[in-house]
Amino acid sequence: MSLDTTTIERLAQLLDGCQRDARDTLKITDDNPDMDWHDAYAIQDAGRQLKLDRGLKVVGLKAGLTSYAKMKQMGVDSPVFGYLMDDTAVADGGTCKVSELIHPKVEPEIAFVTHSELRGPGCHVGAVLAATDFVLPGIEVIDSRYRDFKFDLKSVIADNTSAARFVVGGACVAADAADLRTTGIVLEKNGEIVAVGAGAAVLGHPAAAIAMLVNKLAERGEALPAGTLVMTGGITEAVAVAAGDHITLRVQGMGSVSIRFA
Ligand code: OOG
Ligand code: MG
């Protein structure tokens, strides 16, 4: 750790305030160039504690920057992990108010729900699939709190990996009922196809994103609890949205999920 606890708390407050007021800030590494990886996750943790203190609940976890398309779009080279809070869940077909966000984008993802605890180190795709209850389509709405969506990895980790809203829906499918590498996805905006892809875009297999998350948690002595919802990361580049847009994600064999922006 290179930052003291006062600075970590101040940066968590800053990002939390930006999220609540829908205003942006410069990436925090500009003013804190010595910030290390532990600091980045410590700021993320402090931000989660602020939300828990307000009575919110953690309802899932997320991996991000897990596909080459996403890493290339954001100019970074490795995945990141964050959490999903209950006040950011949107019902399938529900509405998301853009006035509550800064510059939202949507990402087509495959979500997993586990039925058994997963514990690293050494977690792998096979262990994840064995512990998976079902998979289903998910759209993540990301909204970086950083100006013009410009950040580096440490800044985006501190900002809970741009998490803003998420929706899961469609059909729940057993993980062994589909080959998630070849599972195709189609993302539509206002009825027009804006992105297509396949599960393998995420680290070769979406379950690999969860294995990475579990091994990351193990570094802190933590496990992924049974019954956890995990978003495995955008399969394609994220797509900007504005009020009036309607987004549908179709996933092969899993139906579709949608969200409207107002
Ligand atoms: C970081 C979060 C990326 C994903 O699915 O790749 C993410 C960002 O691009 O703002 O959630
Ligand atoms: Mg995402």
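One-based numbering, in listed order, for ligands and for the atoms of each.
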**Message:** Among Asp31, Asp24, Asp30, exactly one meets salt bridge (Lys or Arg N to Asp or Glu O under 4.0 Å) together with Lys27. Which residue is that?
**Reply:** Asp30
Numbered atoms of ligand 1 (with element) below 4.0 Å of [X], judged on heavy atoms:
X	result
Gly233	5 (O)
Glu107	3 (C), 4 (C), 5 (O), 6 (O), 7 (C), 11 (O)
Ile142	8 (C), 9 (O), 10 (O), 11 (O)
Lys62	2 (C), 7 (C), 11 (O)
Phe151	8 (C), 9 (O), 10 (O)
Met74	9 (O)
Gly234	4 (C), 5 (O), 6 (O)

Which residue and atom name correspond to the protein heavy atom nearest [atom], and how close is it?
atom	value
atom 9 (O) of ligand 1	Lys70 NZ, 2.8 Å
atom 2 (C) of ligand 1	Thr161 O, 3.1 Å
atom 10 (O) of ligand 1	Ser162 OG, 2.6 Å
atom 6 (O) of ligand 1	Leu65 N, 2.7 Å

**Prompt:** Do Val196 and Leu249 share a hydrophobic cluster (ILVMFWY, side-chain heavy atoms under 4.5 Å, transitive)?
**Reply:** no
**Message:** Angle at the Mg ion (ligand 2), OE1 of Glu140 to OE1 of Glu107, rounded to 10 degrees, please.
**Reply:** 100°
**Prompt:** So is Lys105 in contact with ligand 1, going by heavy-atom distances below 4.0 Å?
**Reply:** no
**Prompt:** Below 4.0 Å from any atom of ligand 1, is there a heavy atom belonging to Glu109?
**Reply:** yes
**Message:** Does Lys62 qualify as a cation-pi partner of Phe166, given the criterion of NZ or CZ under 6.0 Å from the six-membered ring centre and within 45 degrees of its axis?
**Reply:** no
**Request:** Examine the proximity of ligand 1 to Glu140 and report which part, side chain or backbone, both or neither, has a heavy atom under 4.0 Å away.
**Result:** side chain
**For the Mg ion (ligand 2), the closest N/O/S atom belonging to Glu109** = OE2
